[in-house]
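Notes follow once the structure below has been shown.
In what follows, chains carry the letters A, B, and so on, assigned in the order in which the sequence lines appear, proteins first and then strands, with residues in each chain numbered from 1.
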Amino acid sequence: MDIIDRLRRRALPLVALAAGLLALPAHAVPSYARQTGMECSGCHIGAYGPQLTPAGVRFKLGGYTDSDGKDGKIPLSGMLLADASHTRKPQDPAPDHLKSDNNVSFDQASLFVAGRASDNVGGFMQITYDGVARNLALDNTDLRVVASTAIAGHDTLLGLTFNNNPTVQDPFNTLSAWGYPFVAPAAGLGTGGASALIDGGLGGIVAGVSAYTVVDKDWYAELGSYRSMAPQLQSRLGLGRDQQKLDGNAYWRLAWMKDQKKQAWHVGVFGWSARLEPDRTAPGPVDSYRDIGVDAGYQFLGTREHVVTVFGSVTGENLHSGSDGSRSHLLEQRLNASYHWQQTWGASSGLFSTRGSDPAAATRGLLLQADWTPWGKEDSAAPAPLQWLNLKLGAQVWRYGTFAGTHVGASDHDTFSIFAWSTF
Amino acid sequence: MARPTPVIRAALRALACALAGCAASGAAHAAGDAAAGGKVFATECAECHSVKEGKDKKGPSLHGVFGAKAAQREGFVYSEAMRSAGLTWTPANLAAYVSAPAKLVPGGKMKYDGLADAAQRDDLLAYLAATAAR
């Protein structure tokens, strides 16, 4: 397989993003706040999703079923996102559906069906209209069945998650579906064109189930597998017609977490081993992916006046091409930190690095973000009757030291953006 | 002079309380530091509880909780275990509940392991007493 071909295949996830096949993930979902009686700040750092506090982690692992005990809550939420961006030099070619520079775009509108069906069943389903690609599609979905019990004297939560995007079920904000940055400009270049399969490579176009357990609130283990959606089904769901087909695969996760109220920790390992047919219309040798990573996170929560988080992950991928027997590898490193004051004013930064056996896969950079979230707290909800409305306004600066394997001209891709993001 | 240990402070407060006849009032924890208790509340409790009158979250408002009978807030959905516990929130019961909720009310729905630090519990109760007086 030549470099161009390999890069093209690795770039598929971003192409899919641009085409609206997998819009931005679900974030703060106010229907959960209505369900639980808690403010957004109870479950989310900075009073806005998707970064979870320990309470948010418990809510998710508990199958989104926790509530204040009152019936009659409507499990619907909405989300709107728009941004404006400027790149140091105009992009050539221009991004699909956008200008080469100075774009103002309505990025997406999402409807969430999100809530509990019973004490043991809950979840969310996101349907997204991509305002750039002008496409309506099924977005992230995570449906759960849970049960609590005691095994050998240990409090044990047992659960099943049915989802359509590997890592969307993960309770920590280190893996791809919920990792930093939580929002990015539609015309931006993100963390580069190369990414591991587990990093959104098949997000949205697969369906899978994982069994998981949480033991004594500290240990989390998960094992699951995925199947590719048939192209006809993808098409009906607004997802295009991807012809890749998963064969045998195993997704797994093990983590230790500790909620000490003033601070919280987690450290874990994860992986996805998958055999993938490049083109189901032309059966032939399959490619074998072995993705494995480590991650860790720390949150200083204190009285919630000053909140600091530090998260990081390293993901390695080994790819064995079935067609020519070649082997290649990729290494993704992410490190980010944030500070929030009064759960309202936020500043965050992230270092990202991707490199591999393919020199053209290398991208390194830095992201800086400042944001303001006026509502979503007990003392600062939006005015009635819009008290469930939440809003985040922010600005980002993306700086690239290496892009697509070269330092030369990397800074041409530097991007400044502002965004407005609302949930209700 | 060294600060009394939490045990000695509690004993002194219990003695003072017995002399003053204040068993069911927040005054029993006036010796706690309400300001420090506010921080304990923010760290340990505020995700699920408010001290504002009538402001229920996942847990009920704790405004005026001292001396109140358990499971009596109108409109809040309590667990059967809490409804049948027959508790009155005396300082002693509150301290015991905050210390180990599942021990005092087995089968209750509060998902909180408990606050082990006795001094922090005293501060927290002082804060709750102070908010009721506002």
Just by modelled atom types, is the B:Lys39 backbone N or O under 3.5 Å from a matching donor or acceptor in the A:Thr303 side chain? no

Chain B shares the most heavy-atom pairs under 4.5 Å, among A:Met38, A:Glu305, A:Gln35, with A:Met38

Presence of salt bridge, B:Glu44 and A:Lys262, under 4.0 angstrom: no

I'd like to verify something: which residue of A:Ala33, A:Gly302, A:Ser67 has the highest number of heavy-atom pairs under 4.5 Å with chain B? A:Gly302

Do A:Arg58 and B:Lys111 have side-chain heavy atoms sitting under 4.5 Å apart? no

Are side-chain heavy atoms of A:Phe59 and B:Lys58 found at a separation under 4.5 Å? no

Does the side chain to side chain contact (heavy atoms under 4.5 Å, CB included) test come out yes or no for B:Asp113 and A:Lys217, once each step is laid out? CA-CA 10 Å; B:Asp113 292 336; A:Lys217 301 180 180 177; 2.5 Å; yes

With heavy-atom distances below 4.5 Å as the criterion, would you say the side chains of A:Glu378 and B:Lys52 are in contact? yes

Calculate, to the nearest 0.5 Å, the distance between atoms NZ and CG belonging to A:Lys70 and B:Asp56 respectively. 5.0 Å

Heavy atoms from other residues, nucleotides or ligands near CH2 of A:Trp341 exceed 12 (cutoff 6.0 Å): no

Cut-off 4.5 Å, heavy atoms of chain B, and the answer for A:Ser41 is neither

Can you tell me how far apart OG1 (A:Thr36) and CD (B:Glu47) are? Round to the nearest 0.5 Å. 10.5 Å

Hey, could you give me the SG/CG distance between B:Cys48 and A:Asp68, rounded to the nearest 0.5 Å? 11.0 Å

Chain B contact via A:Asp259 - which portion, at a heavy-atom distance below 4.5 Å: neither

Greater than 12 external heavy atoms within 6.0 Å of B:Glu53's CD: no

Atom OG of B:Ser50 and atom CD of A:Glu39: how far apart are they, to the nearest 0.5 Å? 7.5 Å

